[in-house]
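Have a look at the structure below, then the notes.
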Protein chains: 2
Amino acid sequence: MGLPVNQPEHSRLHERIRADHATEVAEDYVEAIDDVQREKGICRAVDLARRFGVSHVTVSRTIGRLTRDGYVETEPYGPIRLTTKGKRVATQARNRHDIVYQFLLALGVGEQTAAIDSEGIEHHVSRETLRAMERFTRRDQG
Amino acid sequence: MGLPVNQPEHSRLHERIRADHATEVAEDYVEAIDDVQREKGICRAVDLARRFGVSHVTVSRTIGRLTRDGYVETEPYGPIRLTTKGKRVATQARNRHDIVYQFLLALGVGEQTAAIDSEGIEHHVSRETLRAMERFTRRDQG
DNA sequence: ACCCATTTTTAGCCCAGGCTACATTTGGAG
DNA sequence: CTCCAAATGTAGCCTGGGCTAAAAATGGGT
Ligand SMILES: [Mn+2]
Ligand SMILES: [Mn+2]
Ligand SMILES: [Mn+2]
Ligand SMILES: [Mn+2]
């Protein structure tokens, strides 16, 4: 067994990365579903296909996985609704995404770049780093 | 066709993310291969399996793709060597990774967290954001 | 009421990146 | 030299997340 090594074991890092990737799609989807619902009342698969730039079939299959995992509910040919769990994750995801976005702006990055980079970075930011980003943004221009 | 929209179209963002993911494994592998070579002269598949916490079969298949894409060269039962292209990508990847890591430290994040988060964030940082991070780190403690 | 455009579903394909089980090769210890 | 442990390769499986083509359902406009 051996005592727990205190330096981060490299394999651990990558396990985290793989775990992040597994939840990444779920986070982006529930956030997008929530967005669409705010914008136009209900969310349909076709809305997500446009938003993500993928085919409607890909959306349909992904929604199947999200349903299986308890994030969304649908009936055949019906709209896509978030479960309680889905709403919670959507709120957290949007919050975190926004913190990262505002942080990049505060760092001096342009809006377009901040929008693009935050979309990927958000999924790999721990609580600790998120807090540090908030602190910086507040101090810088709050 | 329509005129190019100037606000970042949401689907564009996600296309970037998907592209980043496609190169992510290649970047981490060539960086790791370079690391191992520095540490112990030659790099073998087992070294990478340990480092990434995956089976040697997964490494073998991944190395096959990297060979196909011109990043590495191997002979049967031989060590893993980087091509010129592979070395270039490894150097760039390490450089960028280090900038992100140092930046997180400068932001006030702990070493463990910085190590973990930088491993994921590095792949989603544009040149512009990377420059902003360098600027901040230099100003903060350079 | 009907028709048709839009939407969703289904079938079937691809590739990346995981795995286990088993076969083969290699090189060093004795 | 021989043998065996370690490394590598091969076969076959899985899931996620992409795609196209074609079928089926829905619902709004006339
Ligand atoms: Mn998001
Ligand atoms: Mn995202
Ligand atoms: Mn790296
Ligand atoms: Mn990485």
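No experiment lies behind these values; they were computed from the predicted model shown.
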TODO: From the options H97(A), R96(A), H21(A), select the one residue that forms a side-chain contact (heavy atoms from CB on, under 4.5 Å) with H123(A).
DONE: R96(A)
TODO: Can you establish whether the number of heavy atoms outside E75(B) located under 6.0 Å from its atom CD is more than 12?
DONE: no
TODO: Could you name each residue pair satisfying salt bridge (charged side-chain N to carboxylate O under 4.0 Å, His left out) that touches residues 128-142 of chain A, not counting sequence neighbours?
DONE: none
Open item on the list: Which heavy atom of L48(B) sits nearest to which heavy atom of A32(B), and what is that distance?
Closed with: CD2-CB, 3.9 Å
TODO: Identify, with sequence neighbours excluded, every residue that meets side chain to side chain contact (heavy atoms under 4.5 Å, CB included) alongside T91(B).
DONE: none
Task: Close approaches to DNA chain D from residues 34-49 of chain B, in residue order (heavy atom, under 4.0 Å) - done: R44(B), A45(B), V46(B)
Task: All side-chain hydrogen bond (donor to acceptor under 3.5 Å, both in side chains) counterparts of Q102(A), not counting sequence neighbours - done: none
Task: Results of side-chain hydrogen bond (donor to acceptor under 3.5 Å, both in side chains) for R65(B) - residues two or more places apart only - done: T62(B)
TODO: Please confirm whether Y71(B) and Y29(B) have ring centers closer than 6.0 angstrom.
DONE: no
TODO: With sequence neighbours left out, write down each residue that passes side-chain hydrogen bond (donor to acceptor under 3.5 Å, both in side chains) with H56(B), or none if nothing qualifies.
DONE: none
TODO: Specify the residue among A26(A) and V57(A) whose closest nucleotide of DNA chain D lies further upstream toward the 5′ end.
DONE: A26(A)
Open item on the list: Side-chain heavy atoms under 4.5 Å apart, restricted to Ile/Leu/Val/Met/Phe/Trp/Tyr: what other residues fall into the cluster of L104(B), or is it alone?
Closed with: I99(A), V100(A), F103(A), L104(A), L107(A), V109(A), I121(A), V125(A), L130(A), M133(A), F136(A), I99(B), V100(B), F103(B), L107(B), V109(B), I121(B), V125(B), L130(B), M133(B), F136(B)
Open item on the list: Measuring from atom CD of E73(A) to atom CD1 of I63(A), what distance do you get when rounded to the nearest 0.5 angstrom?
Closed with: 12.5 Å
TODO: Tell me who clusters with Y101(B), hydrophobic residues only, linked when side chains sit under 4.5 Å apart either directly or through other members.
DONE: L105(B)
Open item on the list: So V25(B), base contact, sugar-phosphate only, or nothing? Heavy-atom distance under 4.0 Å.
Closed with: sugar-phosphate
Open item on the list: Reading DNA chain D in the 5' to 3' direction, which nucleotide is the first one with an atom under 4.0 Å from a heavy atom of chain A, and which is the last?
Closed with: dG16(D) to dT26(D)
TODO: Provide the start and end nucleotides, 5' to 3', of the part of DNA chain C that has atoms under 4.0 Å from heavy atoms of chain A.
DONE: dT7(C) to dG18(C)
TODO: Not counting sequence neighbours, which residues clear side-chain hydrogen bond (donor to acceptor under 3.5 Å, both in side chains) with T23(B)? List them please.
DONE: none
TODO: Mind listing the residues from residues 62-82 of chain B sitting with a heavy atom below 4.0 Å of DNA chain D? Number order is fine.
DONE: P76(B), Y77(B)
